Amino acid sequence: MLKIGIIGLGVMGRIHASNLALEKGAVIHSVFDPKDTDAQLVAQSSGAKLFENPDALIRDPQVDAILIASPAHFHWEQVKLAVAHGKPVFVEKPLITDPSEKHEVEKLLETAAADSVWLGFMRRFDPSFAQLKRALDSNEIGSAIFAEMSHRNPAVPESFDDFSYMLETFVHECDIASWLFGEQIVAAQIDALGALGSGTQRHDPIFATLFLESGLPIRLTGHINNSYAYEIRCEVVGSSGSIKLDDRLWVRDQKTAPDVSRAENWGSRFSVAYSSILSGWLADISGSRHTGTSMADGLRASKAAWALFQGISKPGAKISVE
Ligand code: ISE
């Protein structure tokens with residue numbers, strides 16, 4: 001039985017904890033969260049040991065593998081420590097938030113230890129995105145000409161700024177774009193910025209474009225405070241047709257619409273994806289192999305998200321991803 005330690009029990013940590021509780025080959029062995037009550041609740045329901053600091057949890061020889069769902073700016077330090085202790089890691093996105101961490105990731109990528117890290121890019125495990133990828137791989141709509149993706153959240157915390165918008169929200173589009181088309185993102189551009197919310201440091205909506213190596217443009221629309229639903233859309237237009245991934249049945253989107261398919265948040269929209277990605281990670285640990293999302297994926301997505309962030313102060317400029 002694999003003994004898992006969870007760091008961070010906010011929304012994401014709790015989603016992973018409830019999925020872990022359903023896994024046959026793993027148990028939640030220990031938990032840490034600075035908000036004691038969140039950690040206590042999970043500890044009570046799972047029988048896990050409560051830690052007062054994340055480093056001690058990582059170092060505990062009883063813990064076999066680490067799941068990191070702490071605030072984004074802690075991710076890299078915690079990943080490094082876990083890897084240094086030879087522990088397999090699952091880390092929520094983004095892998096890194098600070099460009100100065102890029103070189104450390106590149107160095108670690110040259111070693112076999114890099115294979116012990118999985119990134120929480122759960123969309124790759126979503127049945128509809130996986131089906132879209134299969135259709136593209138088998139050339140169902142000919143060669144891709146452009147794609148349009150929308151990412152809409154009902155609400156984000158007041159503290160969520162343009163940096164979080166790019167690094168924590170659009171980072172999903174950065175990952176899924178290169179995964180769907182099997183290409184790297186080479187440049188990013190902010191096309192237009194909505195108003196800066198009063199009392200906040202974020203524009204909303206934001207329109208942007210990612211450019212892949214082949215020149216394929218991917219248009220992104222973000223709206224992170226729509227007040228009514230969580231909506232993730234994606235349409236690919238090819239030389240002989242188009243495919244649209246729309247997770248909704250009802251298209252008149254209103255708060256009061258009697259819409260059975262309306263997702264309230266990413267936990268419900270991607271519930272299958274979250275449990276599948278976790279099962280995949282655990283199966284890899286048990287089989288001593290690496291098949292899933294990698295540290296290299298995490299680095300690529302953060303780099304593209306930084307380029308988007310740089311573009312916020314230069315709308316219309318094409319920023320290279322470096
Ligand atoms: C959040 O952190 C997530 O990871 C969700 O998947 C994403 O849709 C949301 O925009 C982020 O804030």
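Here the structure is a predicted model, which is why all the values come from computation and not from measurement.
Using a 4.5 Å cut-off between side-chain heavy atoms of Ile, Leu, Val, Met, Phe, Trp and Tyr, with links allowed through other members, Leu132 and Phe125 fall into the same hydrophobic cluster. By the rule that hydrophobic residues join a cluster once side-chain heavy atoms approach within less than 4.5 Å of another member, Phe163 and Trp76 end up as members of one cluster. In terms of hydrophobic clustering, with Ile, Leu, Val, Met, Phe, Trp and Tyr side chains grouped at heavy-atom distances under 4.5 Å, Phe90 and Phe74 are assigned to different clusters. Transitive grouping of hydrophobic side chains (ILVMFWY, heavy atoms separated by less than 4.5 Å) keeps Val27 and Leu278 in distinct clusters. Hydrophobic cluster membership differs between Val186 and Ile176, with clusters built from Ile, Leu, Val, Met, Phe, Trp and Tyr side chains linked at under 4.5 angstrom.
Side-chain contact check for Ser178 and Gln184: no donor-acceptor pair (N or O, by modelled atom type) lies under 3.5 Å. Under the 3.5 Å distance criterion, with hydrogens and angles disregarded, no donor-acceptor pair is assigned to the side chains of Glu158 and Thr200. Side-chain contact, Gln40 with Asp38: no donor N or O sits under 3.5 Å from an acceptor N or O.
Atom CZ in Phe121 sits 9.0 Å away from atom OG in Ser294 (nearest 0.5 Å). In this structure, Thr293 OG1 and Trp179 CH2 are separated by 11.0 Å, a value rounded to the nearest 0.5 Å. Atom CG of residue Asp115 and atom OG of residue Ser288 lie 11.5 Å apart, to the nearest 0.5 angstrom. Note that CE of Met122 is 10.0 Å distant from CG of Asp175, once rounded to the nearest 0.5 Å. Rounding to the nearest 0.5 angstrom, the gap separating the CZ atom in Phe207 from the CD atom in Glu148 is 11.0 Å. Here Ser271 contributes atom OG and Asp126 contributes atom CG; the two are 9.0 Å apart, rounded to the nearest 0.5 Å.
Nearest heavy atom pair, residue Leu119 against residue Glu92, reads CD1-O, 4.3 Å. The two residues Ile141 and Ser242 come nearest to each other via the heavy atoms CG2-N, 3.7 Å. Pairing each heavy atom of Glu168 with each of Pro94, the nearest pair is CG-CD, 4.1 Å.
Ion pair Glu104/Lys107 not flagged as a salt bridge, since none of the NZ, NE, NH1 or NH2 atoms sits closer than 4.0 Å to an Asp/Glu carboxylate oxygen. Classification of Glu231 and Arg233 as a salt-bridged pair holds, one side-chain N sitting under 4.0 Å from a carboxylate O. Taking the charged nitrogens against the carboxylate oxygens, Arg300 and Asp297 do have a contact shorter than 4.0 Å, which makes a salt bridge.
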Give the table of side-chain donor-acceptor pairs shorter than 3.5 Å for residues 55-64, with sequence neighbours excluded, one pair per line with atom names and distance.
| residue | atom | partner | partner atom | Å |
| --- | --- | --- | --- | --- |
| Asp60 | OD1 | Gln62 | N | 2.8 |
| Asp60 | OD2 | Lys49 | NZ | 3.4 |
| Asp64 | OD2 | Lys3 | N | 2.7 |

Please output the side-chain donor-acceptor pairs of residues 305-322 that fall under 3.5 Å, not counting sequence neighbours, one pair per line with the distance.
| residue | atom | partner | partner atom | Å |
| --- | --- | --- | --- | --- |
| Trp306 | NE1 | Thr97 | O | 3.0 |
| Ser313 | OG | Gln310 | O | 3.1 |

Intermediate values then yes/no, side chain to side chain donor-acceptor pair (under 3.5 Å), Asp284 and Thr291: CA-CA 7 Å; Asp284 264 11; Thr291 60; 2.9 Å; yes
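Using a 4.5 Å heavy-atom threshold, the side chains of Trp266 and Met12 count as touching. Contact of the Ser286 side chain with the Leu2 side chain is registered, since non-hydrogen atoms from C-beta on lie closer than 4.5 Å. In this structure the side chain of Ile232 never reaches within 4.5 angstrom of the side chain of Met149, judged on heavy atoms. Looking at Ile224 and Ile206, their side chains never come closer than 4.5 Å, going by heavy atoms from C-beta outward. Residues Ile4 and Leu67 meet the side-chain proximity criterion, which asks for heavy atoms closer than 4.5 Å. Using a 4.5 Å cut-off on side-chain heavy atoms (C-beta onward), Thr221 and His151 make no contact. Annotation: side chain of Cys234 is in contact with side chain of Leu180 (closest heavy-atom distance under 4.5 Å). Using a 4.5 Å heavy-atom cutoff, the side chains of Lys87 and Ser116 are not in contact.
Within the 3.5 Å criterion, the main-chain N or O of Asp161 finds a donor-acceptor partner in the side chain of Ser164. Glu101 places a side-chain N or O within donor-acceptor distance of the main-chain N or O of Asp98, the cut-off being under 3.5 Å. Within the 3.5 Å criterion, the main-chain N or O of Leu41 finds a donor-acceptor partner in the side chain of Ser45. A donor-acceptor contact shorter than 3.5 Å is absent between the side chain of Ser30 and the backbone of Gly5. Not one N or O on the side chain of Arg219 forms a donor-acceptor pair closer than 3.5 Å with the backbone of Thr209. Checked by atom type and distance alone, the side chain of Ser128 never pairs as donor or acceptor with a backbone atom of Leu245 at under 3.5 Å. Remark: the backbone N or O of Ala229 is paired with a side-chain donor or acceptor of Asn226 at under 3.5 angstrom. The main-chain N or O of Leu9 is found under 3.5 Å from a side-chain atom of Arg14 such that the two form a donor-acceptor pair. Using a distance-only test at 3.5 Å, with no hydrogens or angles considered, no donor-acceptor pair links the side chain of His75 to the main chain of Val91. A donor-acceptor pair is defined here as one N or O able to donate and one able to accept, closer than 3.5 Å; no such pair exists between the side chain of His223 and the backbone of Asp204.
Aromatic ring orientation, Trp118 versus His290: tilted (interplanar angle from 30° to 60°). Ring pair Tyr165/Phe170 is tilted by interplanar angle, where 30° to 60° counts as tilted.
When the shell of 6.0 Å around CD of Glu264 is examined, it contains 12 or fewer heavy atoms from other residues, nucleotides or ligands. More than 12 heavy atoms of other shown residues, nucleotides or ligands fall within 6.0 angstrom of atom CD in Glu106.
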